[in-house]
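One structure is given below, encoded as structure tokens.
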Amino acid sequence: MYRSHNCGELRAANINAEVTLSGWVQKSRDKGFIVWVDLRDRYGITQLVFDEERTSKDLIEQAQNLGREFVIQVKGTVIERASKNPNIPTGDIEILVSELTVLNESLLPPFTIEDKTDGGEDIRMKYRYLDIRRNPVKESLIFRHKVTQEVRNYLSKEGFIEVETPYLIKSTPEGARDFVVPSRMNEGQFYALPQSPQTFKQLLMVGGMDKYFQIVKCFRDEDLRADRQPEFTQIDCEMAFIEQEDILNAFEGLTRHLLKEVNGVEVEKFPRMLYDDAMRLYGNDKPDIRFGMEFGELNDVAQHKDFGVFNNAELVVGIAVPGGNSYTRKDIDKLISWVKRPQVGALGMVYSRCNDDGSFKSSVDKFYDQDDLAKWAEVTGAKPGDLVCVLSGDKNKVRAQLSALRMELAERLGLRDPKVFAPLWVMDFPLLELDEETGHYHAMHHPFTSPKPGQIELLDSNPGEVKANAYDLVLNGNEIGGGSIRIHDKKTQAIMLKHLGFSEEEAKAQFGFLMDAFEYGAPPHGGLAFGLDRLVAILGGQETIRDFIAFPKNNSGRDVMIDAPAPIDDEQLTELSLKLNLKS
Ligand code: ASP
């Protein structure tokens with residue numbers, strides 16, 4: 001028996017018990033005649049004491065030779081500590097060791113395995129198995145387990161069935177590049193790894209499964225933006241014989257359950273916002289509504305004077321920064337530089353100070369009088385003491401820029417409290433999105449999303465205006481889930497694919513299996529998928545998903561621990577009928 005108890009278990013009530021513990025040496029303190037060792041396992045830390053007077057000299061020597069991260073087993077007696085440590089649950093006791101066995105030695109670890117480590121990100125990724133021994137990472141993985149358990153509990157209770165779908169498939173249309181896998185048995189042919197189980201879950205609905213979910217890996221070969229992983233996990237769900245309202249209720253229920261069970265937070269019914277309103281009020285389809293600072297569109301009250309910059313802009317739009325009138329000229333100049341950074345891309349920023357006496361002082365006083373500025377304050381909801389920041393230009397660009405400024409200012413003002421949860425539904429997304437480069441429309445969600453009733457005719461005349469039965473679940477400024485009501489008849493699906501630029505043959509080659517299935521009694525259906533990694537990170541109050549993934553990849557999509565991806569040898573290439581044609 002390696003242990004009678006774990007390292008987080010023993011308390012004052014166990015004093016005098018004879019125990020056996022196993023674990024890792026976190027650190028030791030050697031006073032010559034007495035040695036203390038912190039013994040760690042997943043459950044906690046227990047202090048061991050080796051004392052010349054109470055045990056043997058031999059044992060002390062053995063203890064003195066223990067290095068960090070040695071794996072040991074000890075037998076001993078639980079005794080009361082002379083100086084208690086109120087910071088750990090086992091802090092009232094220690095183990096007076098009578099027998100020590102080294103189960104395995106360890107090299108000196110490349111960084112300290114403590115909550116606050118001296119190891120940088122790269123080295124911790126390389127030795128991830130050591131990093132996992134540290135509390136912050138270990139706790140994050142345990143937290144993730146708790147979330148996934150609650151997901152399974154809730155959905156199972158609601159009658160959802162977890163079904164696995166294959167990984168070796170054919171391209172799925174989530175808009176990213178596929179990872180492909182060469183097939184040895186089918187020369188010159190490739191599987192694609194699923195970007196999501198989208199088509200399979202729809203086929204499960206045709207198959208009558210009625211309510212499906214799966215906690216599933218998805219693979220997208222995208223250029224990695226910060227905090228994205230090439231493989232990530234979804235809670236993927238689909239339901240049959242439902243309308244949009246049923247889906248919203250079902251998954252609002254799941255999210256509320258998680259917030260309650262995992263975070264102990266009760267939230268009101270989730271607000272719902274139309275996509276168009278989210279863009280207008282927050283410049284963003286995933287607005288953070290933990291704080292206000294809503295956009296005020298100023299065209300009507302700013303385009304009547306001689307200020308060419310505003311007059312020539314498609315949109316003039318501002319926000320009120322609470323307490324912003326306290327900013328010095330220098331602070332504001334810094335803010336202007338911030339919005340002009342290439343990542344944000346604004347050409348400049350106009351501001352108006354709202355003085356306590358109700359007067360205004362703006363950077364464009366030459367053009368605008370007090371009455372004009374009072375209107376700006378009114379439209380943006382600015383109060384005395386605030387600062388109105390105004391950007392102008394192309395509608396889409398300027399909204400994105402002001403949204404970035406809004407988030408940045410809120411961060412600086414401490415308005416993005418990770419303990420506050422503000423979920424909402426954003427609904428009625430456009431069905432299609434114009435690709436500025438190619439001039440072609442592509443599906444904003446995916447090609448199986450159904451247009452809003454009665455809008456299919458608009459596809460020909462005004463495709464950009466067609467709205468979809470598509471919805472996103474947003475939490476604290478992050479899209480944590482998204483889905484849609486699907487097309488479930490072959491005719492509509494064919495029209496949709498035609499508008500996405502698929503010829504009949506291409507549509508048949510790529511999605512023929514789904515279109516065929518639609519001819520055998522496909523029920524009305526719809527669903528959504530949550531991004532589990534992000535959801536867990538937000539519930540855990542963290543910005544980055546990496547700590548919640550046991551073995552994450554770095555920013556170049558590499559696993560630096562196992563050193564993947566890696567070349568394969570010639571024999572394997574031959575077996576797969578592959579020849580390399582490297583660009584460099
Ligand atoms: N397959 C979609 C996605 O990965 C989710 C859905 O429509 O259910 O975003």
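Ligands are counted one by one from 1 in listed order, and the atoms in each one are counted from 1 as well. Excluded from the calculations below are hydrogen atoms, water molecules and symmetry mates; all remaining heavy atoms, backbone and side chain alike, are included.
- More than 12 heavy atoms of other residues, nucleotides or ligands sit less than 6.0 Å from atom CD1 of Ile568.
- Side-chain contact between Leu405 and Val344: absent, with no pair of heavy atoms (C-beta onward) separated by less than 4.5 Å.
- Closest protein heavy atom to atom 5 (C) of ligand 1: Gly482 O, 3.5 Å.
- Counting atoms of ligand 1 from 1 in the listed order, those under 4.0 Å from a heavy atom of Gly483 are 6 (C), 7 (O).
- At a threshold of 4.0 Å, the pair Glu297-Arg280 does not count as salt-bridged, since none of the basic side-chain nitrogens sits closer than that to a carboxylate oxygen.
- In this structure, CZ on Arg534 lies 12.0 Å from CG on Leu539, to the nearest 0.5 angstrom.
- Checking only distances, Lys201 does come within under 3.5 Å of ligand 1, N or O to N or O.
- Neither the backbone nor the side chain of Gln202 has any atom closer than 4.0 Å to an atom of ligand 1 (non-hydrogen atoms only).
- In plain terms, the two heavy atoms of Arg272 and Asn249 that are nearest each other are NH2-OD1, 3.9 Å.
- Distance check: Tyr212 OH to Leu155 CG gives 11.0 Å after rounding to the nearest 0.5 Å.
- Of all the atoms in ligand 1, the ones that sit under 4.0 Å from a non-hydrogen atom of Gln198 are 1 (N), 2 (C), 5 (C), 6 (C), 7 (O), 8 (O).
- Thr165 and Gln214 share a side-chain donor-acceptor pair at under 3.5 Å.
- For ligand 1, the atoms closer than 4.0 angstrom to any heavy atom of Ser196 are 1 (N), 4 (O).
- Using a 4.0 Å heavy-atom cutoff, Arg220 is listed among the residues neighbouring ligand 1.
- For Ala529, heavy-atom contacts with ligand 1 shorter than 4.0 Å involve the backbone as well as the side chain.
- Residue Gln195 places no heavy atom under 4.0 Å from ligand 1.
- With a heavy-atom cut-off of 4.0 Å, Arg486 touches ligand 1 through its side chain alone.
- Remark: minimum distance from atom 4 (O) of ligand 1 to any protein heavy atom is reached at Gln234 NE2, 2.8 Å.
- Under the 3.5 Å distance criterion, with hydrogens and angles disregarded, no donor-acceptor pair is assigned to the side chains of Ser140 and Asp547.
- The protein heavy atom nearest to atom 3 (C) of ligand 1 is Glu174 OE1, 3.4 Å.
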